[in-house]
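Before any comments, here is the structure.
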Amino acid sequence: MGIEVVVEGLTKSFGKQNIWQDVSLTLPAGEVSVMLGPSGTGKTVFLKSVIGLLKPEKGRVLVNGVDMVNSPEKDIMEARKLFGLMFQDGALFGSMSLFDNIAFPLREHTRKKESEIRRIVMERIDIVGLIGAEEKLPGEISGGMRKRAGLARALVLDPQIILCDEPDSGLDPVRTAYLSQLLIDLNAQIDATMLIVTHNLDIAATVPDNMGMLFCRNLVTFGPREVLLTSDTPVVSQFLSGRRQGPIGMSEEKDAATLAAERTVAQGHVPAGPRTVVPQLEPSPGLPVRQGALRRRERVHAMMGQLPEAARAAIRNSYTPTPGGGRP
Ligand SMILES: Nc1ncnc2c1ncn2[C@@H]1O[C@H](COP(=O)(O)OP(=O)(O)OP(=O)(O)O)[C@@H](O)[C@H]1O
Ligand SMILES: [Mg+2]
């Protein structure tokens with residue numbers, strides 16, 4: 001079963017530039033979470049901080065009793081083996097075949113025999129649908145295939161926590177839909193805790209159990225998917241509807257004058273109100289029920305009283321069996 005990740009009061013700056021401050025959230029064990037946020041809000045910096053590659057100046061990230069920020073480096077290195085990280089740019093070695101790229105963490109971090117490495121690598125290549133492409137170089141395949149190779153490489157060490165940085169960037173809508181299903185299927189198969197950074201609204205609407213958003217150096221909110229999907233907080237609803245009107249501008253935060261001008265134009269007609277929450281993806285037929293989803297159901301049930309009414313309604317709705325379909 002996946003491992004819970006607890007982030008407490010995390011603050012990161014580069015020199016004088018503060019990226020975000022006082023970020024606290026818990027990634028529940030075995031659940032899928034999504035982090036949204038405009039470009040440049042520090043999502044990649046957040047992932048790298050969780051895994052201990054960047055050092056926030058304040059706060060803690062607790063994984064299995066290890067603080068990925070402040071523990072001794074050897075403990076952090078050891079804990080890092082629990083993670084699989086799929087980088088935003090794929091980060092494949094251009095001169096190595098896909099097979100060697102995917103085998104790399106095994107050759108680097110384990111003493112497994114080549115025959116065992118081959119078995120594991122081919123299994124992961126199969127999961128991400130790249131059978132037949134293993135001898136190709138990264139430059140000889142499409143961007144979508146490179147993404148999947150990056151995911152396969154993140155999976156070779158049997159991670160219990162998987163971090164994906166914009167797994168959909170550069171993919172067409174159909175491939176993005178396949179990828180969404182792949183992420184849910186993967187979660188059903190290995191029950192790993194997953195955090196996905198994305199701008200993609202379809203992924204946000206259909207994949208996660210939980211969702212958060214970074215904006216203006218703060219974590220706007222983090223919680224059950226229904227809370228963000230029904231939120232009328234201006235930044236959240238603007239982002240989720242992809243509108244220009246709202247607090248988010250090209251340089252992330254619009255100045256007050258632009259915002260005021262917009263309000264005059266809109267004359268108070270900022271489209272808000274509850275959006276429809278589409279059903280979350282289910283694992284493909286034949287796969288086990290997601291244990292994380294079962295645990296989440298109990299967890300969310302216990303916190304119902306603290307959630308806004310729109311979120312409560314969406315949650316109740318999601319548990320109502322639909323004719324011909326249905327949820328566990
Ligand atoms: N190693 C570094 N040194 C200095 N500044 C950095 C470093 N890494 C990131 N930054 C800065 O931190 C800010 C956040 O970068 P980050 O890559 O996390 O954004 P992001 O939210 O992932 O954006 P995108 O959606 O475009 O990928 C940027 O202003 C970037 O210039
Ligand atoms: Mg990024």
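Read the numbers this way: they start at 1 and go in the same order the structure lists the ligands and their atoms.
Taking every heavy atom of Ile19 and a limit of under 4.0 angstrom, the matching atoms of ligand 1 come to 12 (O), 13 (C). Counting the atoms of ligand 1 from 1 in the order shown, those under 4.0 Å from a heavy atom of Glu166 are 24 (P), 25 (O), 27 (O). For ligand 1, the atoms sitting less than 4.0 Å from at least one non-hydrogen atom of Gln17 are 29 (O), numbered in the order shown with element in parentheses. Each of the atoms 14 (C), 16 (P), 18 (O), 19 (O), 20 (P), 21 (O) of ligand 1 lies under 4.0 Å from some heavy atom of Gly42. Applying the 4.0 Å criterion to heavy atoms of His199 picks out, from ligand 1, the atoms 25 (O).
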Yes or no on side-chain hydrogen bond (donor to acceptor under 3.5 Å, both in side chains) for Arg299 and Asn210, after CA distance, side-chain angles and deciding distance?
CA-CA 11 Å; Arg299 201 172 55 73; Asn210 313 293; 2.9 Å; yes
Please determine whether salt bridge (Lys or Arg N to Asp or Glu O under 4.0 Å) holds for the pair Glu31 and Arg297, giving the CA-CA distance in whole Å, both sets of side-chain angles, and the decisive distance to 0.1 Å.
CA-CA 11 Å; Glu31 294 185 27; Arg297 190 170 172 161; over 6 Å; no
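Salt-bridge check for Asp75 with Arg80: failed, with every basic side-chain N at 4.0 Å or more from each acidic carboxylate O. A salt bridge links Arg107 with Glu114: at least one charged nitrogen is closer than 4.0 Å to a carboxylate oxygen. A salt bridge is absent between Asp165 and Lys48: the closest approach of a Lys/Arg side-chain nitrogen to an acidic carboxylate oxygen does not fall below 4.0 angstrom. Checked for salt-bridge contact, Arg316 and Glu309 meet the test: a charged N lies under 4.0 Å from a carboxylate O. The residues Glu78 and Lys81 are annotated as salt-bridged, a charged nitrogen and a carboxylate oxygen being separated by less than 4.0 angstrom.
In this structure, the protein non-hydrogen atom closest to atom 23 (O) of ligand 1 is Gly40 N, 2.8 Å. Atom 22 (O) of ligand 1 has its closest protein heavy atom at Thr44 OG1, 2.8 Å. Atom 26 (O) of ligand 1 has Ser39 OG, 3.2 Å as its closest protein atom, hydrogens excluded (heavy atom only). Regarding atom 10 (N) of ligand 1, its nearest protein heavy-atom neighbour is Phe14 CE1, 3.4 Å. When only non-hydrogen protein atoms are considered, atom 25 (O) of ligand 1 lies nearest to Lys43 NZ, 2.7 Å. Of the protein's non-hydrogen atoms, Gln88 NE2, 2.9 Å is the one closest to atom 27 (O) of ligand 1. Here the heavy atom of the protein found nearest to atom 15 (O) of ligand 1 is Val45 CG2, 3.9 Å.
For the Mg ion (ligand 2), the set of nearby N, O or S atoms under 2.8 Å includes none belonging to Ser39.
Residue contact check for ligand 1: Lys48 places no non-hydrogen atom closer than 4.0 Å to it.
Ring pair His199/Phe239 is tilted by interplanar angle, where 30° to 60° counts as tilted.
Of the protein's heavy atoms, none falls inside 4.0 Å of atom 31 (O) of ligand 1.
A donor atom on one side chain and an acceptor atom on the other are not found under 3.5 Å apart for Ser237 and Asp232.
Leu98 approaches Ala149 most closely through the heavy-atom pair CD2-CB, 3.9 Å.
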